[in-house]
Amino acid sequence: MTDQMKTKIDSIRLEAETAFKAAENSRDLYELKVKFLGKTGSFQSVMKEMGSLPPAEKPIAGKLVNEAKQALEGTYSECEERLKARELEAKLKSEMLDLTLPGVPVSRGAEHPVSLVMDEIAMILSRMGYSIRTGPVIETDRNNFEGLNVPKDHPARDMQDTFYIDEHHVLRTQTSPIQIRTMETEKPPIRVAAPGGVFRCDADISHSPNFHQIEGLCIDKKVSMADLKGTITFFVGEFFGRGLKTRFRPSFFPFTEPSAEVDCQCPLCKGKGCRMCSMSGWIEIGGCGLVHPNVLKFAGLDAKEWQGFAFGFGIERMGIIKYGINDIRLFNENDVRFLSQFSM
Ligand code: DAH
């Protein structure tokens, strides 16, 4: 009887050993362990059979089973160690990270040239003591025209082709209404710069229906044309480069008296004459003048006590001159080949 039992135990042991060694991964191996050594495994049925053996043979059979199980546990551990090592190696290989490889490049955006120029001008003016103010693009007729000494039905309205929203509102044609807004809410002395988008019913190679301006306003006591010229000449030097001359030509704006147009020496040819300045050596950059007493009065200031000067520059125009751009429409076309040239 014991011989028969021994043969059975040996055969299970051999079968289990062969299966353990052939297992391809640690999971299969574990399942085999359960199959042979587990609570309902092959050895358990042998143990049950042992119950029917004569009492003298039971310990012998029991010993045989224990020896076989112990040996199999050993084989299992060896196989498990080998498979786990192999699996770890495969995992490390598949997850390998080469930290010396270059990263995936992230494409970077660039500031729009209009914002770039507007910010630069605003920065220069704030260094000169001007605070930044803004206003709405849908403006009242009162602030955009009437307060600026352009009454209804006055011929001066023809200077600016206008988008009317209704009888009392327009898409602002200039940043000058921010002069009115500021003087009506702040006490002088005032030094403000107001950048922003403006709109005119007008379009060709040098005019866009939507463009940008920056307005400057200085209100103080005893302000003169000399202060205005000094301010603008200094500003032009900061923006285009020091050493460029400015000149002031008499002109007309309803909200200033006297009024002038400002030219600066062409930054491209330094005044020698080139295609950009139509061979004249000079380029017009904006308008300016001493604030008209009617404007001061409208905004509630005593024109005997306070004087002031104002100026307005076109942002796109300043960018066109500084960067040698040949068509104002490029600013609104969203062509990345144009825009990316301004990335830093
Ligand atoms: N607002 C004027 C325009 O759009 C520009 C301008 C001229 C502004 C003279 C001023 C100024 O403040 O004093 O044509």
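Counting starts at 1 for both ligands and their atoms, following the listed order.
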S.K.: More than 12 non-hydrogen atoms from neighbouring residues, nucleotides or ligands closer than 6.0 Å to CD on E167, yes or no?
M.R.: no
S.K.: Looking at T256, which atoms of ligand 1 are within less than 4.0 Å of one of its heavy atoms?
M.R.: 13 (O)
S.K.: Output the list of atoms in ligand 1 that are nearer than 4.0 Å to some heavy atom of A310, sorted by atom number.
M.R.: 12 (O), 13 (O)
S.K.: So, R86 side chain and E24 main chain: donor-acceptor pair closer than 3.5 Å or not?
M.R.: yes
S.K.: Classify the contact between F311 and ligand 1 as side chain, backbone, both or neither, using a heavy-atom distance cut-off of under 4.0 Å.
M.R.: backbone
S.K.: Say whether S208 and N210, considering side chains only, have a donor N or O and an acceptor N or O under 3.5 Å apart.
M.R.: no
S.K.: Mind checking whether Y323 and F342 have ring centres under 6.0 Å apart?
M.R.: yes
S.K.: Before accepting this row, confirm whether a basic side-chain N of the pair R181/E215 lies closer than 4.0 Å to the acidic partner's carboxylate O.
M.R.: no
S.K.: Provide, to 0.1 Å, the distance between atom 11 (C) of ligand 1 and the closest protein heavy atom, together with that atom's residue and name.
M.R.: F255 CE1, 3.6 Å
S.K.: Tell me, which protein residue and heavy-atom name are nearest atom 1 (N) of ligand 1, and how many Å apart are they?
M.R.: Q174 OE1, 2.8 Å
S.K.: Is any side-chain N of the basic residue among K33 and E80 closer than 4.0 Å to the acidic one's carboxylate O?
M.R.: no
S.K.: Could you check whether any heavy atom of F313 sits closer than 4.0 Å to an atom of ligand 1, since that is the contact criterion I want to use?
M.R.: no
S.K.: Could you list the atoms of ligand 1 found under 4.0 angstrom from a heavy atom of Q179?
M.R.: 12 (O)
S.K.: Between S26 and E87, is the side chain to side chain donor-acceptor pair (under 3.5 Å) condition met? List the steps.
M.R.: CA-CA 8 Å; S26 56; E87 282 161 9; 2.9 Å; yes
S.K.: Just jot down the ligand 1 atoms closer than 4.0 angstrom to any heavy atom of G289, in number order.
M.R.: 13 (O)
S.K.: Is there a donor-acceptor pair under 3.5 Å between the side chain of T162 and the backbone N or O of Y164?
M.R.: no
S.K.: Should S176 be counted as touching ligand 1, given the test is an N or O pair under 3.5 Å?
M.R.: yes
S.K.: Just to check, does Q213 reach to within less than 4.0 Å of ligand 1 when the distance is taken from its heavy atoms?
M.R.: yes
S.K.: Testing E139, R157, H154, K152 for side chain to side chain contact (heavy atoms under 4.5 Å, CB included) with F145, which one passes?
M.R.: R157
S.K.: Heavy atom under 4.0 Å from ligand 1: found in R200's side chain, backbone, both, or neither?
M.R.: side chain
S.K.: In terms of the angle between their ring planes, are Y130 and F311 parallel, tilted or perpendicular, with boundaries placed at 30° and 60°?
M.R.: perpendicular
S.K.: Check whether any N or O atom of G287, backbone or side chain, sits under 3.5 Å from an N or O atom of ligand 1, and answer yes or no.
M.R.: no
S.K.: Suppose we measure from atom 12 (O) of ligand 1 to each protein heavy atom; which comes out shortest, and what is that distance?
M.R.: E215 OE2, 2.6 Å
S.K.: Taking only heavy atoms of Q160, which atoms of ligand 1 are found under 4.0 Å from at least one of them?
M.R.: 3 (C), 4 (O), 14 (O)
S.K.: Mark up the atoms of ligand 1 that fall under 4.0 Å of a heavy atom belonging to F253, in ascending order.
M.R.: 7 (C), 9 (C)
